[in-house]
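I have placed the structure first, in the form of structure tokens, so that the comments after it can refer back to it.
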Amino acid sequence: MPELISPTTRLHSSWLAAQREAGPDAHLDGGGLGSDDDVDSPEGFAAWVDRLHRYGDRTAPVEHGRVHATYWWIAEDDTYLGAIDLRHYLNGFLLDAGGHIGYSVRPSARRRGLATWALGAVRHEARLLGMDRVLLTCDPGNEASIRTIESNGGVLEDVRETIIGPKRRYWITL
């Protein structure tokens with residue numbers, strides 16, 4: 001049975017396999033991976049996992065352009081299936097194009113309802129942080145994300161052109 005877990009070095013090889021599955025140029029939403037992160041080496045992966053944990057600490061500063069966020073991995077036994085993050089507040093970019101929550105599921109684990117389940121679980125976490133609604137965005141042609149968001153109560157606010165392309169913007173009341 002899948003569960004949401006805190007990012008861990010224990011799943012390094014499974015995480016790398018998921019990254020290879022997605023492809024070399026794939027961006028996996030909700031993972032917090034930066035273009036300069038070295039995740040291939042055990043040391044680099046450990047440093048990245050440690051940084052993901054620090055982003056959730058509201059007393060610690062974050063880099064310019066980032067916001068505090070909590071990261072979870074969707075895992076089953078020792079298999080990494082995906083990631084989801086909850087951004088604690090929005091900056092201008094996130095309000096326009098990114099939203100409070102991002103998620104992705106590795107290709108071999110799709111069509112199992114994992115994103116819908118994980119989003120439901122993270123909605124509860126958002127309530128615990130005192131949020132009363134969250135913003136989610138997706139590409140207009142991403143039917144799977146549209147279903148995931150709408151299944152969790154997402155109400156379409158608009159479709160707009162952003163600096164990263166067109167986005168459907170949904171609000172979910174918590």
Side-chain angles (χ1 to χ4, degrees), residues 4-75 78-110 114-115 118-119 122 125-126 129 134-146 148-149 159-170:
L4 291 182
I5 64 168
S6 184
T8 175
T9 57
R10 180 176 57 83
L11 297 183
H12 185 206
S13 62
S14 182
W15 186 93
L16 287 173
Q19 189 77 6
R20 282 191 301 275
E21 234 177 71
D25 297 324
H27 172 73
L28 299 176
D29 290 325
L33 185 64
S35 59
D36 57 347
D37 286 320
D38 164 30
V39 292
D40 292 326
S41 73
E43 299 79 16
F45 191 80
W48 174 62
V49 166
D50 184 56
R51 190 167 56 256
L52 293 180
H53 292 156
R54 282 196 317 270
Y55 287 146
D57 179 357
R58 298 281 296 264
T59 66
V62 294
E63 295 95 24
H64 177 73
R66 300 218 44 132
V67 299
H68 289 96
T70 304
Y71 291 87
W72 294 272
W73 288 353
I74 305 165
D78 284 333
T79 303
Y80 171 90
L81 302 174
I84 189 165
D85 74 321
L86 171 62
R87 297 152 193 141
H88 299 181
Y89 49 90
L90 300 176
N91 59 20
F93 168 76
L94 293 172
L95 179 61
D96 187 48
H100 286 99
I101 299 173
Y103 54 85
S104 60
V105 175
R106 73 187 290 170
S108 63
R110 292 179 182 159
L114 293 170
L119 178 53
V122 171
E125 296 294 330
L129 282 177
V134 289
L135 175 68
L136 285 93
T137 69
C138 68
D139 292 344
N142 188 337
E143 295 297 327
S145 275
I146 291 168
T148 293
I149 295 166
V159 180
R160 65 173 66 170
E161 192 62 39
T162 73
I163 63 171
I164 58 172
K167 293 292 175 187
R168 292 175 66 95
R169 298 174 68 255
Y170 290 88

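Owing to the predicted nature of the structure, the values given are computational and were not obtained by experimental measurement.
- When every heavy atom of N91 is checked against every heavy atom of L94, the shortest pair comes out as OD1-N, 2.8 Å.
- Considering all non-hydrogen atoms of both residues, T8 and W73 come closest at O-CZ3, 3.2 Å.
- R106 contributes atom CZ, which lies 11.0 Å from atom CG of L114 (distance to the nearest 0.5 angstrom).
- Distance check: L129 CG to H88 NE2 gives 5.0 Å after rounding to the nearest 0.5 Å.
- Annotation for S14 and Y80: closest pair OG-N, 2.7 Å, computed over non-hydrogen atoms.
- Contact check for F45 versus V39: side-chain heavy atoms found under the 4.5 Å cut-off.
- At least one donor-acceptor pair under 3.5 Å links the side chain of W48 to the backbone N or O of G32.
- The structure places CG of L11 at 4.5 Å from CD1 of I5, a figure rounded to the nearest 0.5 Å.
- Looking only at side-chain heavy atoms (C-beta outward), V67 and L90 stay at 4.5 Å or farther from each other.
- Among pairs with a residue in residues 80-89, those fulfilling salt bridge (Lys or Arg N to Asp or Glu O under 4.0 Å) read D85-R87, at least two apart in sequence or across chains.
- Side-chain atoms of Y103 and I74, non-hydrogen and from C-beta on, never get closer than 4.5 Å to each other.
- The two residues G30 and Y71 make their nearest non-hydrogen contact at O-CD2, 3.4 Å.
- In this structure, E21 contributes its side chain and S108 its backbone to a donor-acceptor pair below 3.5 Å.
- Here the closest heavy-atom approach between residue G99 and residue T137 is recorded as N-CG2, 4.2 Å.
- Between the side chain of H100 and the backbone N or O of L86, no donor-acceptor pair lies under 3.5 Å.
- In this structure, CG in L119 is found 7.5 Å from OG1 in T148, a value given to the nearest 0.5 Å.
- Nearest heavy-atom pair, P7 versus V49, reported as atom, atom and distance to 0.1 Å: O-CG1, 3.5 Å.
- The ring-ring contact (aromatic ring centres under 6.0 Å, His included) search around H68 returns Y89, not counting sequence neighbours.
- Here CD of E43 is found 11.0 Å from OG1 of T9. Values are rounded to the nearest 0.5 Å.
- The side-chain heavy atoms of I146 and Y170, taken from C-beta on, include a pair separated by under 4.5 Å.
- You'll find the side chain of W15 reaches within 4.5 Å of the side chain of L33, heavy atoms only.
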Working note: F93 + T162, criterion side-chain contact (heavy atoms from CB on, under 4.5 Å); need CA distance, chi angles, decisive distance, verdict. CA-CA 9 Å; F93 168 76; T162 73; 5.9 Å; no
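- In summary, D139 and K167 engage in a salt bridge, as defined by a charged side-chain N under 4.0 Å from a carboxylate O.
- Annotation: the span from D57 atom CG to R54 atom CZ amounts to 9.5 Å, rounded to 0.5 Å.
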From CA spacing to verdict: side-chain contact (heavy atoms from CB on, under 4.5 Å), L95, R169: CA-CA 9 Å; L95 179 61; R169 298 174 68 255; 4.0 Å; yes
